[in-house]
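In what follows, a structure is listed as structure tokens, so that the remarks can point back to it.
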Amino acid sequence: MRFSPWLVVTVLILGPWTADGEAQTVRVVASLTDLKALTEAVGGELVEVDSLARGTQNIHDIDVRPSLMLKLRRADLFVRNGVGGDPWADPLLVGAHNTRIMPGNPGYVDASLGVAIIQPAGPIDRSRGDVHPEGDPHYTLDPANAAIVTANIVEGLKRVGPQHAALFDARRQEFLSRLDAGVARWQKNIEPLRGAKVVTYHETFNYLLRRFGLELGGVIEDRPGIPPSPAHLANLITTIKEQRIKVIAAEPYADQNIIELVARESGAKAIRLPSAVGGVKEADSYLALMENLVSALVRAFR
Amino acid sequence: MRAFALICLALGVVVAPLAAAADDAATLRNELEKMRQQFETVQQEYQKAIQSLSERLQRLEARPLTTSNRPVVAQLPPPGQTQVSQPRLQELARPRQPFALAQRSGAGQLLFDMGVAGDFVGNLVRPRADDLNVGTFAGRENRFFPREIELSLFGQIDPYARGEVRIETGEEFEDGVRKTEVGLAEAHITLLTLPYGLQLKLGQLRNRWGLLNQVHADGLPQIDRPNVLVRYFGEEQLVERGAELSWVPSLPFYLEALAGIFNGDNDTAFGRGSLKAPLVTGRLRTFLEFDDAGALQLGTSVASGETAERLRSTLVGLDAKYKLIPPGWRHPFITVAGEGVYARRQVNVSEDLNGDGTDDVFGTRTRNRLGFYTYAEVQPWRQWAFGLRYDQTQILLLPGKERAVEPYVTFMPSDFLKFRLAYKRTDRPHRDGFTDGALSARTADEFLLQAGFILGAHPAHPF
């Protein structure tokens, strides 16, 4: 039997890289930055967390890049948003060649399990645009859902790092206590706005508005994934004027020209709201994101 | 005296039990009283407890929202298990969208996804190219027709494997006849949980060879496949039956290695169609990210098998693709890609040596051929893209080469609908194969049109 010297050299070079060493920390990859932030909150120094999408990206348009597969290749745990919010994660999972984090294995967490998802009204087909048949996937923007989401994450962390189980639980409780304090403060601050209407670009902030007693007054992108028609914009501007809606809230990646047009014609104030952790520089954690969202809305209505 | 004694005795006999009965009644009353008191005590305790719970509930309801007092899903179902709900009768009776079942949860849920992709193309060419059947869509010149209508079914088979089936139809031109037939385009399983990060895909599949071989017609960057790929692999491209092993090592950079073994059924490039002399394929792919915006994919592929004449045919390819997505953009601004293929093929050399009217094989020769294409696309708006492709291909078994240039424009009203228009000019300096008597189609001008749609779920395309 002949041994190729090139094969030996290749094995010697690649061998050390291919061995997965005993890691003290749990390597987690989350599909979205909100889930990354929540995992960091309950994992602390016991986890190394990365995310596939960035906070400034539209989660519906993530490119299936091999570099993202590489992140998943090394992960012990994969936390995904589910509810159709990260469908691009499926080909990434297959391309990552990492058995541990495939669906059905201990390293796979669907953070949406147990969350009460806002369902689309009426029958669904593509005449309504790229709607999510499974429901509204932006559930992390309701701070009340953080308890369920972190419970799901902690269950996953315990499966892959059982030696840290007690610490994960303790960290989660500590995080939820801080979140409770924040929620009480935010509710107090936003209470004077209860019932006020907000127009958004995409239907990203439904959970946030519902939690804090605000109402959705209209949507610029009335059919998800399809630029709004001039007729729709004209109707929306009329609605904003008639109902005296004061604020238009848009994600960082929304079309600036259209937002400015609607704001100028309707007289409403346009603001940029981060749709995820990292959406703006200040929103660098989950608590900071919620703080930023609430304070931006309160400021906009002054 | 005696009588008095008898009366006293009789009275004693009568009164004594009465006195005892009176004592029993008093005891019973006492016990009843105690029980009543105990009952009242318990009742008061219960009332206090109920009142306490009611007050607590009212306090909880009155409290502002907190996350720690919300019910928590502490015990999750096993991974992969979803919550089940029974559908109501009116839900079952309601007319459904064609693919609504795929999204249902609970009873009636399909455990896989499905989608339909439709791709219609049309072309206008000069009469000479039509008569000689040498247009881009050979035999279907000056026609509008369904090129590829496919039904895809895909999903997880079990924790260990995924499955995918594609059934396809479209207008084809074969042996001088146009026909529309339904056939199996792909059917394969992928074993996901092999050791060492290996995956095995087996069945009938589009080989992962080069940039575009695995891309279906509706996902092509231009209306037609580049000439070099059609000349070297045929219109259907490399769709083989066999197995393909892939590996992504845990390296600091991305590297994917593929190795496959197949029948070699592709008539254009191989044709032996037997595992006795199998088609062997391989591919290496890496990926470089310069920053958040720009990324480059590099790949090299090889395929080696035997032709129907049992002669060796080997193809080697190099490919590159660069995509720039500026920060805040929802689509690529610039895409530049290209692919080169080197074909080395043994062919029989024949001539009618003995004058019997049939060619006699008297030796073999090796044909070395080279072809490439490159394209650049600019997408300044989400719905519009403009591009230009250049092809240069040495014809596989004939002398000479052909060059083609193809500017195109794409309009995408949504992610599920696409229209494309292109002009293609092809020059063939050599006359063999493109001239018949007085007819010559060495230069061909074509207008191409494409309309494509997607219904339901559709898997994301790779980078």
Side-chain angles (χ1 to χ4, degrees), chain A residues 14 17-20 54 56 58 60-61 63-67 69-70 73-74 87-88 90-91 94-99 102-106 108-110 113-114 123-126 129-130 133-134 143-144 146-148 151-152 155 173 176-177 179-180 183-184 187-188 211 225-227 252-253, chain B residues 64-70 72-77 79-80 82-83 97 100 102-103 156 158-159 162 190 192-194 196-199 246-254 256 285-287 289 292 295 297 323 325 327-332 382-383 413-416 455 459-463:
Chain A
L14 299 184
W17 292 108
T18 55
D20 290 332
R54 294 186 299 275
T56 51
N58 184 336
H60 308 94
D61 297 319
D63 220 14
V64 181
R65 289 188 174 193
S67 56
M69 296 174 190
L70 190 61
R73 177 72 181 89
R74 306 183 191 122
W88 33 266
D90 292 319
V94 173
H97 290 237
N98 184 347
T99 305
M102 293 300 289
N105 287 302
Y108 179 86
V109 171
D110 183 341
L113 279 181
I124 300 169
D125 62 27
R126 294 288 181 219
D130 191 6
E134 305 94 330
I148 301 168
N152 290 332
E155 283 300 310
Q173 288 305 325
L176 292 181
S177 298
L179 184 59
D180 283 349
V183 168
Q187 282 191 322
K188 186 181 172 187
R211 173 54 53 199
I226 299 174
Y253 46 79
Chain B
L65 170 79
T66 61
T67 53
S68 55
N69 61 12
R70 286 182 61 86
V72 167
V73 185
Q75 296 299 320
L76 296 177
T82 54
Q83 294 173 324
Q97 306 297 322
Q103 306 300 343
Q156 200 79 17
D158 62 13
R162 282 182 64 83
T190 305
L192 301 164
T193 56
L194 298 180
Y196 308 111
L198 292 166
Q199 284 183 4
S246 62
W247 183 47
V248 176
S250 188
L251 295 171
F253 58 92
Y254 180 83
E256 182 186 49
R285 181 171 71 126
T286 190
F287 187 79
E289 267 185 329
D292 281 352
Q297 176 183 286
K323 210 190 262 192
I325 305 176
W329 283 51
R330 298 180 62 178
H331 53 83
R382 188 171 185 200
Q383 294 182 305
S414 72
D415 289 341
F416 303 92
L455 274 178
H461 287 294
F463 175 83

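Because only heavy atoms are used, hydrogens play no part in the values below, and waters and symmetry mates are left out as well, while side chains stay in. None of the values given here were measured: they were computed from a predicted structure. The sequence lines fix the lettering, A, B, ..., with proteins before strands; numbering per chain opens at 1.
Of the two parts of N58(A), only the side chain, counted from C-beta on, holds a non-hydrogen atom closer than 4.5 Å to a non-hydrogen atom of chain B. For P252(A), no part lies near chain B; criterion is any non-hydrogen pair under 4.5 Å. Only the side chain of E289(B) has a heavy atom closer than 4.5 Å to any heavy atom of chain A. Of the two parts of S246(B), the backbone and the side chain both hold a non-hydrogen atom closer than 4.5 Å to a non-hydrogen atom of chain A. Only the backbone of P413(B) has a heavy atom closer than 4.5 Å to any heavy atom of chain A.
Atoms CZ and OH, on R73(A) and Y254(B) in that order, are 10.5 Å from each other to the nearest 0.5 Å. Atom CG of D61(A) is separated from atom CD1 of I325(B) by 9.0 Å, given to the nearest 0.5 angstrom.
Taking each heavy atom of G197(B) and H97(A) in turn, the nearest pair found is O-ND1, 2.8 Å. Scanning both residues, P66(A) and R285(B), for their nearest heavy atoms gives CG-NH1, 3.8 Å. Of all heavy-atom pairs between L251(B) and L70(A), the closest is O-CD1, 3.5 Å.
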#### Entry: Residues K323(B), D63(A); criterion side chain to side chain contact (heavy atoms under 4.5 Å, CB included); working and verdict
CA-CA 10 Å; K323(B) 210 190 262 192; D63(A) 220 14; 3.2 Å; yes

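By number of non-hydrogen pairs under 4.5 angstrom with chain B, the leading residue of D90(A), V94(A), N98(A) is V94(A). Looking only at heavy-atom pairs under 4.5 Å with chain B, the residue among D110(A), I226(A), D130(A) that has the most is D130(A).
Between P227(A) and R382(B) the shortest side-chain heavy-atom distance does not fall below 4.5 Å.
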